[in-house]
Amino acid sequence: MSDEPLTLENLPADLREEYQNLITGTVDVLPAEDLLQRLLRARTEGRPLRAKLGVDPTAPDIHLGHTVVLRKLAQFQAYGHTAVLIIGDFTAKVGDPSGRSKLRPRLEEETIEKNAATYVEQAAKVLDMDRVELVRNSDWLSPLKMDDVLRLSAVVTVARMLERDDFAKRYAGNEPISMLEFMYPLLQGYDSVAVRADVELGGTDQKFNLLMGRNIMDAYGLEPQSVMTVPLLAGTDGTQKMSKTYGNYVGVNEAPEDMFGKIMSIPDRLMVTYWTLLTGAPYREIEDVQRRLDKGAYHPATAKRDLAERITSLYHGSAAATAAREHFDRVFRERELPENLAEAALPAEALKDGKVWLPRLLNLTGLAASNGEARRLLEQGAVRVNDRVITESEAELSPEEVRGAVIQVGKRRFLRISA
RNA sequence: GGGGGGAUGCCCGAGUGGCCAAAGGGAGCAGACUGUAAAUCUGCCGGCGAUGCCUACGGAGGUUCAAAUCCUCCUCCCCCCA
């Protein structure tokens, strides 16, 4: 390395562009100048960087929140670096305490295997899997002997562990912390040793673990990795992080119309964030969108529809994305019926004495979760039969009125009863 | 090993014998307004064709006409001392 101070200005233009794009949408790049140094060195030595991402297959499906870091990794790939994707089949059994306020239940191996398979399959929607170095951490973690584990545990002190936010909170709040959880950051750090990472990516909740990796690499005689964190993506509610448990997620396998619709429901203030984190767009484009929105030259509603179409097309192709946009405009802007109505037969159980008891029908067809909920929806004017609002909670209709009718509950639930 | 505190509905949290399907808040759902945005207002928010019945206050028993509330045992968590 030269002694010359390293600044953006004295970098070759294309390297500067690469760096700018890589750090776009990140929260931390630590230590500050480290990544820049490495990129420069990679260039001069003709050796691509090894960018590590470890994921624990703890969830059966992945959603847009998971793709943020995957896109970042894909960006490294696009610049010719090596994406090292570690399936944490071993660490999944330990359970990452990051951001947890509770003990995480340990997973069965069978579940882990299944999750791992779907994860890889879905990650392929973002990464170029042919060029990914795909490994499992059980390969090197399982064979460790007690001696090795002890050596590893000696690297860190308990006080250092308790500096961690989530541990500190739980400790202060009289919540349990198991020794097992203390092991987690050590194992993740050991992964970095095993794959000789140049840079490790992760969510901001991973910062402690990522930095721990540096300590551990150092203790094992390796140059500590750079650390890059990306924000946790806020869910469609705009407040909580995107997560299945909060029901504010957009799954990568969702139907184009649902994906489009869910993205439309995010608060405006999240638009640029989504644009940055979910589209893989270069930073210049992001800046441009931001500028036009600020000037009022880009109507928020249009921008959001463009965004939704853009993201949808990444997972379903542009034809399906365009169709999803048309569907959306039709149903929600023009307030017309969707073009492909779901259809269901009139269930026999809904009939009594030759009448159709509406609450029961709504329940049976899945438009309401129970008869009681159906009644409530009716009382609140949320139910339409052939565009006629029915507010009578015990409404009984004749079969003729119901057959072939379109039933709408709320703004988005539609069903046609077969004739 | 000893002593003390705690577990309530999706989440937080009140409730210490009947008035408790359980206050309040959050989340959620629905209506109005809109751009399925934000903000705001309003209503709902266990199940059952239902002036009643069933399920539910960590689990199992018990006391009582009556238990989320009292007793016994169990499970789990936390704190203090060692």
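Residue numbers start from 1 in every chain, and the chains themselves are labelled A, B, ... in the order their sequence lines are given, proteins ahead of strands.
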Which residue, A/V383 or A/H299, contacts RNA chain B at a nucleotide closer to its 5' end, judged by nearest heavy atom? A/V383
Pick the P atom in B/rG49 and in B/rU40, then give their distance to the nearest Å. 38 Å
Going 5' to 3' through nucleotides 52-57 of chain B, assign each nucleotide B (protein heavy atom under 4.0 Å from a base atom), S (under 4.0 Å only from sugar-phosphate atoms) or - (no protein heavy atom that close). ------
Sub-4.5 Å side-chain heavy-atom contact between A/L364 and A/L362: no
Interatomic distance, A/K304 NZ vs B/rU34 P [rounded to whole Å]: 17 Å
Should A/K262 and A/E254 count as an ion pair when the cut-off is N to O under 4.0 Å? yes
If we take the P atom in both B/rU69 and B/rU16, what is their distance in whole Å? 12 Å
Counter-base of B/rU75, judged by Watson-Crick or G-U geometry with both distances under 3.5 Å: B/rA7
If you measure from the C1' atom in B/rG35 to the same atom in B/rG24, how many Å do you get, rounded? 34 Å
Heavy atom of residues 309-326 of chain A under 4.0 Å from RNA chain B: which residues? none
B/rA32 pairs with which nucleotide, Watson-Crick or G-U wobble, both distances below 3.5 Å? B/rU40
Taking the C1' atom in each of B/rC19 and B/rA66, what is the distance between them to the nearest angstrom? 13 Å
Once the angle between the rings of A/F328 and A/F260 is folded into 0 to 90°, is it parallel (under 30°), tilted (30 to 60°) or perpendicular (over 60°)? tilted
Step-by-step side chain to side chain contact (heavy atoms under 4.5 Å, CB included) determination, A/W357 to A/N363: CA-CA 10 Å; A/W357 185 41; A/N363 184 3; over 6 Å; no
Specify the separation, in whole Å, of atom CD of A/Q380 and atom C1' of B/rA32. 12 Å
Quick one: does A/V156's side chain get under 4.5 Å of A/M161's, heavy atoms only? yes
Expressed in angstrom and rounded to an integer, what is the separation of A/K411 atom NZ from B/rA37 atom P? 8 Å
Minimum-distance nucleotide to A/A382 side chain [options: B/rG35, B/rA30, B/rU36]: B/rA30
Does A/E392 use its side chain to pair, donor to acceptor, with the backbone of A/E394 at less than 3.5 Å? yes
Quick one: side chains of residues 284-292 of chain A, donor-acceptor pairs under 3.5 Å with protein atoms, not counting sequence neighbours, listed by atom name and distance.
| residue | atom | partner | partner atom | Å |
| --- | --- | --- | --- | --- |
| A/R284 | NE | A/E17 | OE2 | 3.1 |
| A/R284 | NH2 | A/E17 | OE1 | 2.9 |
| A/E285 | OE1 | A/R310 | NH2 | 3.3 |
| A/E285 | OE2 | A/W275 | NE1 | 3.1 |
| A/E285 | OE2 | A/R310 | NH1 | 2.7 |
| A/E285 | OE2 | A/R310 | NH2 | 3.3 |
| A/D288 | OD2 | A/R292 | NH1 | 3.3 |

At less than 4.0 Å, is any side-chain N or O atom of A/R376 found next to OP1 or OP2 of B/rG31? Yes or no. no
Over how many whole Å does the gap from A/E334 atom CD to B/rU34 atom P extend? 16 Å
With rounding to whole Å, what would you report as the distance between B/rA60 and B/rU55 at their P atoms? 13 Å
Is it true that a side-chain atom of A/T229 and a backbone atom of A/K207 form a donor plus acceptor pair closer than 3.5 Å? no
Do NZ/NE/NH1/NH2 and the carboxylate oxygens of A/E133 and A/R50 come within less than 4.0 Å? yes
Sub-4.0 Å heavy-atom contacts from residues 255-271 of chain A onto RNA chain B, ordered by number: A/G261, A/I266, A/P267, A/D268
May I ask you to decide if A/T236's main-chain N or O and A/N248's side chain share a donor-acceptor pair within less than 3.5 Å? no
Quick one: does A/R131's side chain have a donor or acceptor within less than 3.5 Å of a partner on A/Q77's backbone? yes
Taking the six-membered ring for Trp, are A/Y249 and A/H63 parallel (under 30°), tilted (30 to 60°) or perpendicular (over 60°)? tilted
Take the protein atom CZ of A/R384 and the nucleotide atom C1' of B/rA30, then report the distance between them rounded to whole Å. 12 Å
Which base, if any, makes a Watson-Crick or G-U wobble pair with B/rG52, both distances under 3.5 Å? B/rC48
Would you measure the distance from the C1' atom in B/rU63 across to the matching atom in B/rC76 and give it in whole Å? 26 Å
Rounded C1' spacing from B/rC45 to B/rG28 in Å: 8 Å
Which value, rounded to the nearest 0.5 Å, describes the distance between A/D89 atom CG and A/S142 atom OG? 7.0 Å
Are there more than 12 heavy atoms of other residues, nucleotides or ligands under 6.0 Å from atom CD of A/E339? yes
One thing to verify: whether A/D198 and A/R38 come together as a salt bridge, which I'm taking to mean a side-chain N less than 4.0 angstrom from a carboxylate O. yes
N/O to N/O distances under 3.5 Å, protein versus nucleotides 48-51 of chain B:
| residue | atom | partner | partner atom | Å |
| --- | --- | --- | --- | --- |
| B/rC48 | OP1 | A/N371 | N | 3.2 |
| B/rC48 | OP2 | A/G372 | N | 3.2 |
| B/rG49 | OP2 | A/N371 | ND2 | 2.6 |
| B/rG49 | N1 | A/E396 | OE2 | 3.1 |
| B/rG49 | N2 | A/E396 | OE2 | 2.7 |
| B/rA50 | N6 | A/R375 | NH1 | 2.3 |
| B/rA50 | N6 | A/R375 | NH2 | 2.9 |
| B/rA50 | N1 | A/R375 | NH1 | 3.3 |

Nearest-Å distance, NE2 (A/H327) to P (B/rU36)? 13 Å
For A/A281, does its backbone N or O pair with a side-chain atom of A/T279 as donor and acceptor, under 3.5 Å? yes
Separation between the P atoms of B/rC53 and B/rA14, rounded to whole Å: 32 Å
A/L377 has a side chain; which of B/rA30, B/rG35, B/rU34 sits nearest to it? B/rA30
Which base sits across from B/rG1 as a Watson-Crick or G-U pair, both distances under 3.5 Å? B/rC81
Strictly under 3.5 Å: I want the nitrogen or oxygen pairs between protein and nucleotides 22-27 of chain B, one per line.
none

A/K52 and A/E200 ion-paired at < 4.0 Å: yes
Result for side-chain contact (heavy atoms from CB on, under 4.5 Å) between A/D191 and one of A/L141, A/N209, A/I216, A/V135 points to A/L141
